[in-house]
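Right, one structure below, let's go through it.
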4 protein chains.
Amino acid sequence: MSEQSNKTRENILKAAMELFAEKGFHETSMAAIAKRAGLGKGTLYWHFSSKDELFKQLISEKGEGLFRQLRELLNQKFSPEKILKEFIRIKLIFMIENRELSQILLNNMQFTDQEFKLKLFQRHKEMVQELQKIIQRGMDEGIFRRGSSRDTAVAIIGMINSMNSILFFEDEDIDITEKVEFLYRMIMCGIKNE
Amino acid sequence: MSEQSNKTRENILKAAMELFAEKGFHETSMAAIAKRAGLGKGTLYWHFSSKDELFKQLISEKGEGLFRQLRELLNQKFSPEKILKEFIRIKLIFMIENRELSQILLNNMQFTDQEFKLKLFQRHKEMVQELQKIIQRGMDEGIFRRGSSRDTAVAIIGMINSMNSILFFEDEDIDITEKVEFLYRMIMCGIKNE
Amino acid sequence: MSEQSNKTRENILKAAMELFAEKGFHETSMAAIAKRAGLGKGTLYWHFSSKDELFKQLISEKGEGLFRQLRELLNQKFSPEKILKEFIRIKLIFMIENRELSQILLNNMQFTDQEFKLKLFQRHKEMVQELQKIIQRGMDEGIFRRGSSRDTAVAIIGMINSMNSILFFEDEDIDITEKVEFLYRMIMCGIKNE
Amino acid sequence: MSEQSNKTRENILKAAMELFAEKGFHETSMAAIAKRAGLGKGTLYWHFSSKDELFKQLISEKGEGLFRQLRELLNQKFSPEKILKEFIRIKLIFMIENRELSQILLNNMQFTDQEFKLKLFQRHKEMVQELQKIIQRGMDEGIFRRGSSRDTAVAIIGMINSMNSILFFEDEDIDITEKVEFLYRMIMCGIKNE
DNA sequence: AATGAATGAGGGTTCATTCAT
DNA sequence: GATGAATGAACCCTCATTCAT
């Protein structure tokens, strides 16, 4: 695992990320990735055992950070409101810094490897459940209105994710704080005046 | 176009719908569709000129209803709140009655035919813009709190769509009214107590 | 075999002739023939057992005339020169009156049915041999210069056939007598002056 | 483009040539070509983008030589007679050395790619026109008898081509000079004695 | 480490042919 | 006699994967 080798590996991941985001998993061929990375087709197989594996590692490696951050956050002893706001911020920042990966995650969840698909699904479910716990705590503490904590958690994540379509086409300079405030307020107070 | 022929056509659409929802567009072969429909491969091509065409017609025909309903609604002279609530209801009912199509629409938006992809994208955009107008009207009338009407519209649609993951796995009897109320309240008042 | 039935049959043959001449055997589908004849696909199979059979009958029926005429001619007790000239005339007239069939015969001799292919080949060979006999007779009688009678016969037929490319694109009014004279003279005297 | 790669390419061309000559373009499948070349199907597509392309390159590459030779000849400042004789010689030699290609060129002129078909047709036409000019010159110089130079050129080429049916089935040792003399004399003097 | 030629399973599509109506 | 929906073998072609160099 020399310096050079590692660099090549990153090149491949970068090329793959771009193409998967642009055209989706199935419409992207290994040949296309190799070409964009400026490498021979064979080289891809020296670094990744298969196209599926490449895709998985792409998602795992880059997505790991978000998952870890969120998990840490949810274990924090903050107030439900604070956790909620941070949850939004972390997801948004991730979406901005990883536009392509987000695009992939939100549009390509139908591919071959059932095991991996399940794993991602589990992870998503876990995230929902953790958020649900926070929501539940907020309800129990009388901070949040009573209701289905699961539906609420799902809806919150849906709202945040929906921003992807906006962020993906936006220019470089996005006022994250503003977007966070917007979402937080909408989740907390809704859109009704007063 | 006899009675029988039309029935066959519907069979194909049904089989295709199921498989596309289950495994996605690319992972579904024409052979698999034919087999599930209990037909020969060639028959599919008597009714649809290509796999792309089959997919397009599937989405167009079945999706047309939702689009029309929503458009009618948005042209109604109702109050913004009423329109919002009806918007939610219509989308939810569609999602329940067309679980498979919804699944497809939310997970397969990356396929070959760029023209059709664009058309769907345009339609989605139009929907957002129409909802945005309603939101804007509500803001102008002092019913809704001021803010980005676009972000609000996108977030609302995101919330509604997020319910798909819940509805898709749910049993038959879902209390739609309850779900509508839940979403409407959450959108209007948020989750904060009081 | 009613009047009507026979008419339908002729329609099919006509449509097939046109298409085979235009696009060749393999590039012409039964569907295309049916469409041009203004009939359903199934109807073709009521009149002809297969595409091959249709093609064969097309060639046989229409080509039979030429074959018979030539055979009769070659059995005549005319002088070699007269037979040669008549040979040319009959072939040319046939080519003009059956442009499409000639086009087919000269460009589609590579198709499936080996047996029929062989039959046509045999017929062609027989024609050559008969002409060869005439040539030989002419040589023996001192009318024609001595040489390979086979090569001569083949060359003569080649010359006549080559006119097809001219006749096919020519307008309606072709002076046959002139063309016959041209070929006859060229065959007899060559192109040298004096 | 290594040594080996080039060899594989030639193998494919050789196998394709044989099969196209034997059975024609449409009756020859890519699978059959691959099998005869002792290669996998996919390999054909590494070297040629499609079956059409393979066919085109086959004809272009191998046919180019004849075309070039004839063009050079026709630009020579030789006497019309000499050019005519050389014309015959070059065509005959080509037909003997490229029996299969000649067979293909004379029997498969009805295939898909209209553009290429036109190109070949144009080339043929050009050849006729060039020969026609020579004939015309001969007529003007009083060497050849007056008449339609076009018909004469077409007839000459027809005669030469007709030899293909003889050469194709002939054994290895053909006396080219004799055949050339035969054709030349027949064209010049015809078959009449004296 | 890297390459590109080679492979073949698999997929979309065509089309001659059949057959119930 | 006529039709057109249905069929499936056969075809062209793609592409993930392998491997000798």
Side-chain angles (χ1 to χ4, degrees), chain A residues 1-2 4-5 7-9 26-34 38-54 112, chain B residues 1-2 4-9 26-34 37-54 112, chain C residues 1-2 4-9 26 28-34 38-54 112, chain D residues 1-2 4-9 26-34 37-54 112:
Chain A
M1 218 200 288
S2 74
Q4 179 55 40
S5 174
K7 205 169 163 185
T8 299
R9 194 190 136 91
H26 285 98
E27 297 284 328
T28 300
S29 70
M30 288 299 262
I33 296 172
L39 294 166
K41 250 183 303 179
T43 310
L44 269 57
Y45 286 87
W46 196 91
H47 291 273
F48 303 93
S49 64
S50 73
K51 188 186 179 186
D52 267 32
E53 191 57 31
L54 170 53
T112 329
Chain B
M1 218 197 291
S2 73
Q4 178 54 40
S5 174
N6 213 30
K7 205 170 164 185
T8 300
R9 193 191 136 90
H26 286 99
E27 296 286 329
T28 301
S29 71
M30 288 300 260
I33 297 172
L39 294 165
K41 260 188 296 177
T43 310
L44 304 199
Y45 288 88
W46 177 261
H47 293 272
F48 303 92
S49 63
S50 71
K51 188 185 179 187
D52 265 35
E53 192 58 31
L54 169 53
T112 327
Chain C
M1 215 199 291
S2 75
Q4 178 55 41
S5 174
N6 213 30
K7 204 170 164 185
T8 300
R9 193 190 137 90
H26 285 99
T28 300
S29 68
M30 289 298 262
I33 296 171
L39 295 165
K41 249 184 303 180
T43 311
L44 269 56
Y45 285 87
W46 197 91
H47 292 273
F48 304 93
S49 64
S50 72
K51 189 186 179 186
D52 267 32
E53 190 57 31
L54 169 52
T112 328
Chain D
M1 215 195 292
S2 70
Q4 178 54 41
S5 175
N6 214 31
K7 205 168 162 187
T8 300
R9 193 190 137 90
H26 286 99
E27 296 286 330
T28 301
S29 71
M30 287 300 260
I33 296 172
L39 294 166
K41 258 186 298 176
T43 309
L44 305 200
Y45 289 89
W46 176 261
H47 292 272
F48 304 93
S49 63
S50 70
K51 188 185 179 186
D52 265 35
E53 191 58 32
L54 169 52
T112 328

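Just so we're on the same page: letters track the sequence lines, and every chain starts at 1. Not measured: the values here are computed from a predicted model.
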Could you state the atom-to-atom distance from [atom1] of [X] to [atom2] of [N] in whole Å?
X     : N      : atom1 : atom2 : result
C:H26 : E:dC15 : NE2   : P     : 12 Å
A:W46 : E:dA1  : CH2   : P     : 4 Å
B:L54 : E:dG11 : CG    : P     : 16 Å
A:F48 : F:dA16 : CZ    : P     : 15 Å
D:K41 : F:dC15 : NZ    : P     : 15 Å
C:Y45 : F:dA6  : OH    : P     : 18 Å
D:L39 : E:dG4  : CG    : P     : 20 Å
D:I33 : F:dC13 : CD1   : P     : 10 Å

* Asked: Roughly how far apart are C:L54 CG and C:R9 CZ, rounded to 0.5 Å?
  ->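 If I round to the nearest 0.5 Å, the distance is 9.0 Å.
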* When rounded to the nearest 0.5 angstrom, what distance separates CG in C:L44 from NZ in C:K51? ->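 With rounding to 0.5 Å, CG (C:L44) is 11.0 Å from NZ (C:K51).
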Which atom pair, heavy atoms only, marks the closest approach of [X] to [Y]?
X     : Y     : value
B:T8  : B:H47 : CG2-NE2, 3.7 Å
B:K41 : B:A31 : CG-CA, 3.9 Å
A:W46 : A:S5  : CZ3-OG, 4.0 Å
D:M30 : D:S50 : CE-C, 4.2 Å

* D:T28 vs C:H47, nearer the 5' end of DNA chain F by closest nucleotide ->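 Nearer the 5' end of the strand: C:H47.
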* Asked: Hey, which of these two, A:T43 or D:G42, hits DNA chain F nearer its 5' end, going by closest nucleotide?
  ->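 Counting from the 5' end, the first nearest nucleotide belongs to D:G42.
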Within the structure shown, what part of the strands sits under 4.0 Å from [X] by heavy-atom distance: base, sugar-phosphate, or nothing?
X     : result
C:S29 : sugar-phosphate
D:K51 : sugar-phosphate
D:L44 : nothing

* Please, what dot-bracket string fits DNA chain E when only Watson-Crick and G-U pairs with both distances under 3.5 Å count, crossing ones use [ ] and pairs to another strand use |? -> .||||||||||||||||||||
* Taking OP1 and OP2 of E:dG12, is either one under 4.0 Å from a side-chain nitrogen or oxygen of B:S50? ->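 No, B:S50 has no side-chain N/O under 4.0 Å of OP1/OP2 on E:dG12.
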